[in-house]
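Here the structure comes first, spelled out in structure tokens, and everything after it is commentary.
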Amino acid sequence: MHLLCTIQHGETSVTIDLPCGHGNKTVKWLAIAAMQRYTIEAPRGRLRRREKKPHTISTTQLQCCSVASEECSYYSPSDVINEVFYDGQEITVMLAAGMAVDGVGAPFLQSGQHQRWKTIAFSQRPEVVEGAKMEEDNAQRREREETERRERAELLERLSSKADHMREILKSQLYDPARIRFAADEDWFRMNPHGEIAELEPDAVCRRRLREKFNAEYANICEVFKVSAASGTGIGTHKIEFLEFSNFIHEANIFSTTEDEALLESIFHECCVERISKHQGESEIDRHDFFVALLLLAKEKYSLKNAANMRTSDLVRVGMGMEGGMYAPLDSAFTNLMNEYVMPFIEKFSIGPPVKTALGTIEILAMLADNEAPLRECFRDYSSAYDDRPGQKQHDDELNLREFGKLLSDAGLFGEGQEMSAQQARQAFAGAQQENLSTDDGDTATTSSSHLEQMNFPEFIEAIARVGVVNSDPEAQTIQEKIERAVEKVVQLQDRRRKAMSEGRKKGGRNRGR
């Protein structure tokens, strides 16, 4: 094994080819050997010696103080050569004057990487060596952190313009406190058009606390509604049938769907959009109706008559918040319901919060900007090529659930060999939907149910991200990698389609030429 060694001492440098045998010696040995070669090569006085005489470490006034390369700025004296270097690698050995000693002639630790390296390599006092190693480890850690910080800052600066462009396109899908608060106020008004919430909770102070809690949890509640609305097999993904409502209750473990079926039916039908029929399966509840159902569930769950079925923690909370000995204040009951049942349901079944967080990062936004053109082409192609209900489309560039499923299947994200189920595909489609839209002047745009059965381009991007997170790809570990992998498959699909169309045109041209 040979290393191309550049030996530096002040402003003088010598480059030599240094044989290292099998490379099973330490970096300390390498540094000493390089220093010996340098003392042989270096001139002394005004004239060069006619013959070269070997020198040893005991006769030279120099001492090794560091070993580095382009790949690494520090190699420990105890490192083995063939474990940290490769044959023919270029390295640099720094030399300096002998080690500083104290009053009794013992080496002592001075500041600076070179002095630490000399102390680790040559000191005979174990406590001094350990102190030098500890200080060197801390210095290397700080250097790595600073390098990572600088590289990330440079990366973010390069990606910022792309990210800003894509952030503007996806602004309806990203977390925006102002938009969330606006939507929460709209739904609160729809829940309470004639003072219905005052009937549930007469105390004005409790109602104010309830509304504050509702606003704080609004995004999470919307995610629960979307997941539940797409858990069935119906065509729509914007309303909840009783079966889907019952499934949510079961998965969240709020009530028993068998023992408490009559209670659940009563709550469901009290909130129904279609109040004509009282038969199971023939009615649906909208989003704001689902929010009212959560309030009714909370009130019933933490009522005094249900105390026998409460958890111990629930009993403590209800006991602390009893009013009139009948039930917990509605704001306390709603808070308990969210913390004990709804939030665990979200953590188990919903991927919306981490996906939206990831979509807001500069790296993901820049990656989407790089692939915007093929993603738009694929979106437009499938929004027109596979539409079996063209009369119900508001715009040509919208995807319905069937078209979205076909795109996923062709891209290899759904179907045979994939872990994602049809229900999860529906949930990805529904989860990306945005009901509450606002115009530039702040007015609420009218949104019909037909819009919630279609998806525009920003919603399509979020849906693809959700699909990527659901699918288990061995080549992707982090959420960012999973989203990038899903986007890559859609882009590859569009490349295949473009190539097939090009070949088809060429074939058609040849046939016309005949």
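In this pair, Phe291 and Phe225 present their aromatic rings perpendicular. The plane angle is above 60°, beyond the 30 to 60° band. By the 30° and 60° cut-offs, the orientation of the rings of Phe245 relative to Phe242 is tilted.
A side-chain donor from one of Glu217 and Asn220 sits under 3.5 Å from a side-chain acceptor of the other. A donor-acceptor contact closer than 3.5 angstrom is absent between the side chains of Gln480 and Thr478. Side-chain contact of Glu398 with Ser383: a donor-acceptor pair under 3.5 Å is absent, judged by distance alone. Checked by atom type, the side-chain pair Gln424/Asn471 shows no donor-acceptor distance below 3.5 Å. Glu372 and His165 form a side-chain donor-acceptor contact under 3.5 Å, judged by distance and modelled atom types alone.
In terms of modelled atom types and a separation under 3.5 Å, the side chain of Thr361 and the main chain of Ala358 share a donor-acceptor contact. Judged by distance alone, the side chain of Lys301 and the main-chain N or O of Ile254 form a donor-acceptor pair under 3.5 Å. A distance-only check finds no donor-acceptor pair linking the side chain of Arg466 to the backbone of Val355 [under 3.5 Å]. Side-chain atoms of Asp79 come within 3.5 Å of backbone N or O of Ser76 as a donor-acceptor pair. Between the side chain of Gln427 and the backbone N or O of Ala230 there is no donor-acceptor pair closer than 3.5 Å. At distances below 3.5 Å, not a single donor-acceptor pair connects side-chain atoms of Asn253 with backbone N or O atoms of Ile249. Although no hydrogens or angles enter the test, the distance criterion places a donor-acceptor pair under 3.5 Å between the side chain of Thr335 and the main chain of Asp331. Side chain of Asn400 to backbone of Glu403: a donor-acceptor contact under 3.5 angstrom is found. Within the 3.5 Å criterion, the main-chain N or O of Glu244 finds no donor-acceptor partner in the side chain of Asn247. A donor-acceptor distance shorter than 3.5 angstrom exists from the side chain of Asn138 to the backbone of Met134, with no hydrogens or angles considered.
The shortest side-chain heavy-atom distance between Asp203 and Leu330 does not fall under the 4.5 Å cut-off. Residues Ser246 and Phe268 fail the side-chain proximity criterion, which asks for heavy atoms closer than 4.5 Å.
By the 6.0 Å and 45° rule, Arg376 stacks over the aromatic ring of Phe457.
Judged as a side-chain hydrogen bond (donor to acceptor under 3.5 Å, both in side chains), and not counting sequence neighbours, Arg208 has no contacts. By the ring-ring contact (aromatic ring centres under 6.0 Å, His included) test, Phe349 is found to be paired with Phe345, residues two or more places apart in sequence or in another chain being considered.
A salt bridge links Lys171 with Glu168: the distance from a Lys NZ or Arg NE/NH1/NH2 to an Asp or Glu carboxylate oxygen falls below 4.0 Å.
Ring centroid separation for the pair Phe214 and Phe334 does not come in under the 6.0 Å cut-off. Residues Tyr382 and Phe404 keep their aromatic ring centres 6.0 Å or farther apart.
Within the structure, salt bridge (charged side-chain N to carboxylate O under 4.0 Å, His left out) pairs that include any residue of residues 351-361 comprise Lys356-Glu462 (at least two apart or interchain).
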